[in-house]
Amino acid sequence: MFLLTGRKVSCVSVHLEADSDDDNGDDNDADNHDASDDDNDGDSDDASNDDNDGDSDDANNDDSDGDIDDAGSDDNDDANEEPCTLQWSPKLQLLLSCYGSPLQRFMQLRQNNSEVICSQILWLKRSFVLRACSHGAGIVAPLTIGFLGGGQMCEALLGGLLAQGTAEASKALVSEPVEARRAYLESKFGVRTTASNAEVVSSMGAGGVVVLAVKPQVASAALSGLNLGSDSPLFVSIMAGVTLQKLADMGLRRVARTMPNTPALVGLGASAYVLGPGALPTDGAIVEKVMSAVGVCEKLGDEKLLDAVTGLSGSGPAYVYMMIEAMADGGVRNGLTRDVALKLAAQTVMGAAKMTIAGDKHPAQLRNAVESPGGTTIAGTTTLEATGFRNAVISAVTAAKERATELGKI
Ligand SMILES: NC(=O)c1ccc[n+]([C@@H]2O[C@H](COP(=O)([O-])OP(=O)(O)OC[C@H]3O[C@@H](n4cnc5c(N)ncnc54)[C@H](OP(=O)(O)O)[C@@H]3O)[C@@H](O)[C@H]2O)c1
């Protein structure tokens, strides 16, 4: 048993005792690191933010070496402070019920003694608030999520979900036929894998989500023989061109269809989704949670609009690559080296995109702001207009949309 600090912490004080594992210094060490690792905001003084007594080193991880005794004995400032007393506020009970497992890993809570571990409680409180905020209002448990197909998109989505804390590795299961790929995913993410699609579906249950991340041509085989009864998980299909009707024909009722794009692989995807008729009212929020792990996600009211999304953001990266190539060619034409030209072109596209996304200005306003009278930019944009640049891009989106519609009928 150890006394961490007697600091007053708002209305919360708790009596805590290390569990038997903590008798071993190594365990203790690891547990403390776990705690700080879970706090992904990189803010080393997180806990102190919640402490209003003005002592900036409060509850800081000075004791992150795991030597919890340090915190009580070395912090002389605390010597004269009164131990705080436990008040089981509803918020604290909620917090502990949400984070009971990690807490129990390194300590046992005892109500009848007066030792306090304020720093851990504050960390838990902060972590709780961060996660609640990052997932919208309310308390959101990590998703229980499975993947059919452990390829590129699975890797991108899983990576995003785990990084954000939207899913936990221990609650994720991936089915993938290739053994080497399973081993790779296990070692990269610490998730479980299997060769059985049925195992993924049956282990998710009605509260879980299964992402259909196989190629469209193997979808039917991947779904055959599965138990898709009333306790079916929510299926989220990312397969291009596989309509809700086709998914229903394969036996899926509770299903959403999404259209992601390749920048999802670097966490900057743009996707949209529609819910199938058998989806639950709460399923939209779950789909958004999954897809926002790797970018932005928009809800559509009509499945037909997914073809427009395919033409715009699904195929769109290719148009932008062409733009980057062409700009770089222009730089080379005028004397820059290929390397320098490509770097400047790509960075220019990224910067302009960020200005558009971040700002409150329409792209036309941003453009006008750099088109000084008689200047260089207006000379360039006038040339783009004369060569039909806008029309070329609009026509490209439309042609890709029409092709998506055609492919959906096959
Ligand atoms: N990549 C993108 O940017 C992107 C964008 C939009 C939509 N999508 C859609 O996302 C889906 C996945 O794309 P991806 O790029 O991730 O493809 P991928 O890398 O080929 O991944 C698919 C994985 O599924 C495995 N698989 C094959 N048959 C299976 C079965 N019966 N059961 C379970 N797994 C099976 C494949 O194994 P094998 O290697 O042995 O075949 C492969 O590892 C596709 O439907 C695609 O249309 C992708």
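Throughout, residue positions are numbered sequentially from 1 according to the sequence presented. Just follow the structure's listing: the first ligand is 1, and inside any ligand the first atom is 1.
Two residues are said to be in side-chain contact when any heavy atoms from C-beta on lie closer than 4.5 Å; L212 and L252 meet this criterion. Side-chain atoms of L275 and L244, non-hydrogen and from C-beta on, never get closer than 4.5 Å to each other. Using a 4.5 Å heavy-atom cutoff, the side chains of Y273 and L306 are not in contact. Taking the side chain as every heavy atom from C-beta outward, M327 and T348 approach each other to under 4.5 Å. Contact annotation: the side chain of L228 approaches that of V201 to within less than 4.5 Å [non-hydrogen atoms, C-beta and beyond].
Among protein heavy atoms, the minimum distance from atom 21 (O) of ligand 1 is reached at G151 CA, 3.2 Å. Taking atom 28 (N) of ligand 1 as the reference point, the nearest protein heavy-atom neighbour is V218 CG2, 3.7 Å. Among protein heavy atoms, the minimum distance from atom 11 (C) of ligand 1 is reached at V214 O, 3.5 Å. Among protein heavy atoms, the minimum distance from atom 20 (O) of ligand 1 is reached at K215 CE, 3.3 Å. Looking only at protein heavy atoms, the nearest one to atom 5 (C) of ligand 1 is P260 O, 3.8 Å. The protein heavy-atom contact nearest to atom 24 (O) of ligand 1 is G149 CA, 3.3 Å. For atom 13 (O) of ligand 1, the nearest non-hydrogen atom of the protein is M153 CG, 3.8 Å. Here the heavy atom of the protein found nearest to atom 12 (C) of ligand 1 is A213 O, 3.3 Å.
Counted by atom type alone, E186 and T193 present one or more donor-acceptor pairs between their side chains at under 3.5 Å. If you check the side chains of E371 and T377, you find no donor sitting under 3.5 Å from an acceptor. Neither side chain, N261 nor S313, offers a donor N or O lying under 3.5 Å from an acceptor on the other.
Counting heavy atoms closer than 4.0 Å to ligand 1, residue N197 contributes side-chain atoms (C-beta onward) but none from N, CA, C or O. If you look at V178 next to ligand 1, the close heavy atoms, those under 4.0 Å, all belong to the side chain.
Heavy-atom contacts of T262 reach the following atoms of ligand 1: 2 (C), 3 (O) (cutoff under 4.0 Å).
The shortest separation from a heavy atom of R181 to ligand 1 is not under 4.0 Å, leaving the residue out of contact. Within the structure, the closest approach of A221 to ligand 1 does not fall below 4.0 Å when heavy atoms are considered.
The shortest N/O to N/O separation between L148 and ligand 1 does not fall below 3.5 Å.
Residue nearest to atom 7 (C) of ligand 1, selected from L157, L223, I238: I238 (by heavy-atom distance). Of the options E176, M239, Q152, E155, the smallest heavy-atom separation from atom 37 (O) of ligand 1 is shown by E176.
Annotation: salt bridge (charged side-chain N to carboxylate O under 4.0 Å, His left out) contacts involving residues 244-264, sequence neighbours excluded, comprise R254-D283, R257-E303. Here salt bridge (charged side-chain N to carboxylate O under 4.0 Å, His left out) pairs that include residues 205-222, with residues two or more places apart or in two chains, number zero.
Between K299 and E288, none of the side-chain N atoms (NZ, or NE/NH1/NH2) sits under 4.0 Å from a carboxylate O, so this pair counts as no salt bridge.
Counting only heavy atoms, the protein never gets under 4.0 Å from atom 41 (O) of ligand 1.
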